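Data block below; observations after.
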Protein chains: 2
Amino acid sequence: MSQMQNVEKQLREMILGLEIGPGERLTERWVESRFGASRTPVRAALLRLETEGLICRDGRGWTVSPINLAELEQIAVYREAVEVAALRLTCTLQDRSAVEIIEAMLDSCDDKTPREEWHRVGRDFHIELARLSGNEFLFRAVRDAMTRLSRARWLEVRDEAALGRAWAEHHAILSAVRAGDADSAARLLSAHIIGSRDRLVTSLRNDRRGLRARGFAVVA
Amino acid sequence: MSQMQNVEKQLREMILGLEIGPGERLTERWVESRFGASRTPVRAALLRLETEGLICRDGRGWTVSPINLAELEQIAVYREAVEVAALRLTCTLQDRSAVEIIEAMLDSCDDKTPREEWHRVGRDFHIELARLSGNEFLFRAVRDAMTRLSRARWLEVRDEAALGRAWAEHHAILSAVRAGDADSAARLLSAHIIGSRDRLVTSLRNDRRGLRARGFAVVA
DNA sequence: GATACCAATTTGGGATACCAAGCTGGTATC
DNA sequence: GATACCAGCTTGGTATCCCAAATTGGTATC
């Protein structure tokens, strides 16, 4: 793999994994030495991550994007639009076998699944569901939105009950799709996205003090 | 303005203005000499334009993205999702004054408006309509989609009647929004987007031979 | 003690040099 | 005459150097 893709990938992992906290300053020189690359690939990586919204310019310099509650609210509306569109498109395709692949993916998760896996599974559900639509733009939109949400979802305080509810909602959505009931599936998906958003934002708002204590910038 | 933004902007103008044809090869060295910049800003510009979909990697090297008919079809579905969502959001905001600004913008165009202005006005209508929603993600999605469509719309063979129809449809959509009739507005907008897409793709498909003769790559 | 100012360092933007991979054109051999 | 092969050139990827601007830290002055 080229150095450029390597820096980009590793830096993205560090940001998404909160090894570099939201709001932290980044210097090109630090990234250079951290990954043993030179400035050109570092710059390319930073430019890419900027378009993903993971980092942003801070006057002269770079900052890991803070957790932005207003942005989280807006992303949910955006997700609702594109995910529901993708879902309806999938329903018209009548490709039930593909849906069953996702169901199997969900079923492979049980109580023994380690908690940190839930994060990835929850994200992949939405991404793979969008991929089924066959529309590259809807798919990318969902994938990019989930990437932007990733850190916030990781910080969210979720109890077992909340995880179980999300799991059940995912299954219910797939059942409706498999049954060919696009309207029900769309309604369930909308409610799931908006409900998740509300719980997410509430959780972060309540824990804002704790997050700041950990050095994480959270803006309204 | 920095050199980097300058190269990016100028190169984008050249690509969107078809001064560099779809499918044409680009070398970093050529861009360097053309704009009198060195490789660093050129690289940055190319990376940005790649994320906008205006250029794409061609193995080793760069190519101005060909006109892709399948992509145009998919973009329309994507646009329908995000534009309708933005429209409905705008309706719930009940901000009629903002709508009237767009109406004024449209009204400022009359028969004396030069033809090349129609291209920009048609694009800006959709972008500004999305901006009204106040949702940054819906707005960006529409803006980026319209950018991707820009070259194809420029190549489209449109007669006066088609232009008048588009104009009328834009006005009808705004009237529905102003009347607070979200459902009608959404229906009109969907029909407008899909109808425009079908006419666009048909036009390009029919003229494919002519486009190739001009050196423009058009893929199915 | 506060503040204004200056120098030194840091930092991102840009330019250039170098390299490896791949393409091209020509040539030599069969 | 066709084909295989090799040299040279082109090109993107990477490293390094330079520069201007901005930040910083300290000092001198009020």
Side-chain angles (χ1 to χ4, degrees), chain A residues 1-16 19-66 68 212 215-217 219, chain B residues 1-16 19-66 68 212 215-217 219:
Chain A
M1 185 186 297
S2 73
Q3 190 70 279
M4 187 179 76
Q5 292 171 328
N6 209 30
V7 173
E8 181 186 338
K9 190 173 176 180
Q10 290 188 48
L11 188 54
R12 185 190 294 108
E13 291 292 324
M14 287 189 72
I15 293 173
L16 291 180
E19 293 175 57
I20 317 177
E24 229 169 286
R25 294 289 296 269
L26 277 183
T27 67
E28 297 187 356
R29 257 81 174 191
W30 179 85
V31 180
E32 274 179 64
S33 62
R34 178 66 179 73
F35 298 104
S38 88
R39 308 195 62 189
T40 310
V42 166
R43 292 229 189 114
L46 291 174
L47 284 173
R48 286 250 164 72
L49 294 175
E50 184 191 20
T51 68
E52 293 182 33
L54 297 183
I55 63 177
C56 50
R57 289 185 185 282
D58 177 31
R60 177 190 166 86
W62 300 93
T63 299
V64 177
S65 299
N68 186 323
R212 286 208 186 267
F216 296 160
V219 305
Chain B
M1 187 186 297
S2 74
Q3 190 71 280
M4 186 180 77
Q5 292 170 327
N6 210 31
V7 173
E8 180 186 338
K9 189 173 177 180
Q10 291 188 47
L11 188 54
R12 184 190 294 108
E13 291 292 324
M14 286 189 73
I15 293 173
L16 291 180
E19 293 175 57
I20 317 177
E24 228 169 287
R25 294 289 297 268
L26 276 183
T27 68
E28 298 189 355
R29 256 81 173 190
W30 179 85
V31 179
E32 275 179 63
S33 62
R34 177 66 178 75
F35 299 103
S38 91
R39 306 195 62 189
T40 309
V42 167
R43 296 292 301 282
L46 292 174
L47 286 174
R48 286 251 165 71
L49 295 176
E50 184 192 19
T51 68
E52 293 181 33
L54 296 183
I55 62 176
C56 50
R57 288 184 185 283
D58 177 30
R60 178 189 166 84
W62 300 93
T63 298
V64 177
S65 299
N68 186 322
R212 285 207 188 269
F216 297 159
V219 305

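The sequence lines fix the lettering, A, B, ..., with proteins before strands; numbering per chain opens at 1. Just so you know, these numbers use all the heavy atoms, side chains as well, and skip hydrogens, waters and symmetry mates. Computed from a predicted structure; not experimentally measured.
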Rounded to the nearest Å, what distance is computed from the [atom1] atom of residue [X] to the [atom2] atom of nucleotide [N]?
X: Phe35(B); N: dG14(C); atom1: CZ; atom2: P; result: 15 Å
X: Leu46(A); N: dT14(D); atom1: CG; atom2: P; result: 14 Å
X: Glu8(A); N: dG13(D); atom1: CD; atom2: P; result: 13 Å
X: Glu50(A); N: dG12(C); atom1: CD; atom2: C1'; result: 13 Å
X: Leu47(A); N: dG14(C); atom1: CG; atom2: P; result: 11 Å
X: Glu28(B); N: dT16(C); atom1: CD; atom2: P; result: 15 Å

| field | Side chain of Thr40(A) (C-beta onward), nearest among dA15(C), dG13(C), dA15(D) | value | dA15(D)
| Closest to side chain of Trp62(B), choosing from dA15(D), dG12(D), dG13(C) | dG12(D)
| message | Please give me the minimum heavy-atom distance between Val219(B) and Pro66(B), naming the atom from each residue. | response | CG1-CB, 4.2 Å
| request: Check whether any side-chain N or O of Glu24(A) sits under 3.5 Å from a backbone N or O of Gly21(A) as a donor-acceptor pair, and report yes or no. | output: yes
| query | Quick one: are Leu11(B) and Phe35(B) in side-chain contact, heavy atoms under 4.5 Å? | reply | yes
| task | Check whether any side-chain heavy atom of Leu26(A) sits under 4.5 Å from a side-chain heavy atom of Ile55(A), and report yes or no. | result | yes
| task | Would you classify Leu26(B) as touching base, sugar-phosphate or nothing, given that sugar-phosphate means primed atoms plus P, OP1 and OP2, and contacts are heavy atoms under 4.0 Å? | result | sugar-phosphate
| Which is true for Gly59(A) with a 4.0 Å heavy-atom rule: it touches a base, it touches only sugar-phosphate, or it touches nothing? | nothing
| field | All side-chain hydrogen bond (donor to acceptor under 3.5 Å, both in side chains) counterparts of Glu13(A), not counting sequence neighbours | value | none
| note | Contacts of Arg43(A) meeting side-chain hydrogen bond (donor to acceptor under 3.5 Å, both in side chains) (sequence neighbours excluded), chain-then-number -> Glu28(A)
| field | Side-chain-base donor-acceptor pair under 3.5 Å for Arg43(A) and dG13(C) | value | yes
| task | Quick one: list whatever passes side chain to side chain contact (heavy atoms under 4.5 Å, CB included) with Glu32(B), sequence neighbours left out. | result | Arg29(B), Arg39(B), Val42(B)
| Can you name the salt bridge (Lys or Arg N to Asp or Glu O under 4.0 Å) partners of Glu50(A), sequence neighbours left out? | Arg57(A), Arg48(B)
| query | Can you name the salt bridge (Lys or Arg N to Asp or Glu O under 4.0 Å) partners of Arg25(A), sequence neighbours left out? | reply | Asp58(A)
| field | Sugar-phosphate or base contact per nucleotide [nucleotides 18-25 of chain D; S, B, -; heavy atom under 4.0 Å] | value | --BBS---
| Is Ser38(B) near enough to dA15(C) that one of its side-chain N or O atoms lies under 4.0 angstrom from OP1 or OP2? | yes
| Using Watson-Crick and G-U wobble pairs whose two distances are both under 3.5 Å, how do you write the pairing of DNA chain D as dot-bracket, with | for links to another strand? | ||||||||||||||||||||||||||||||
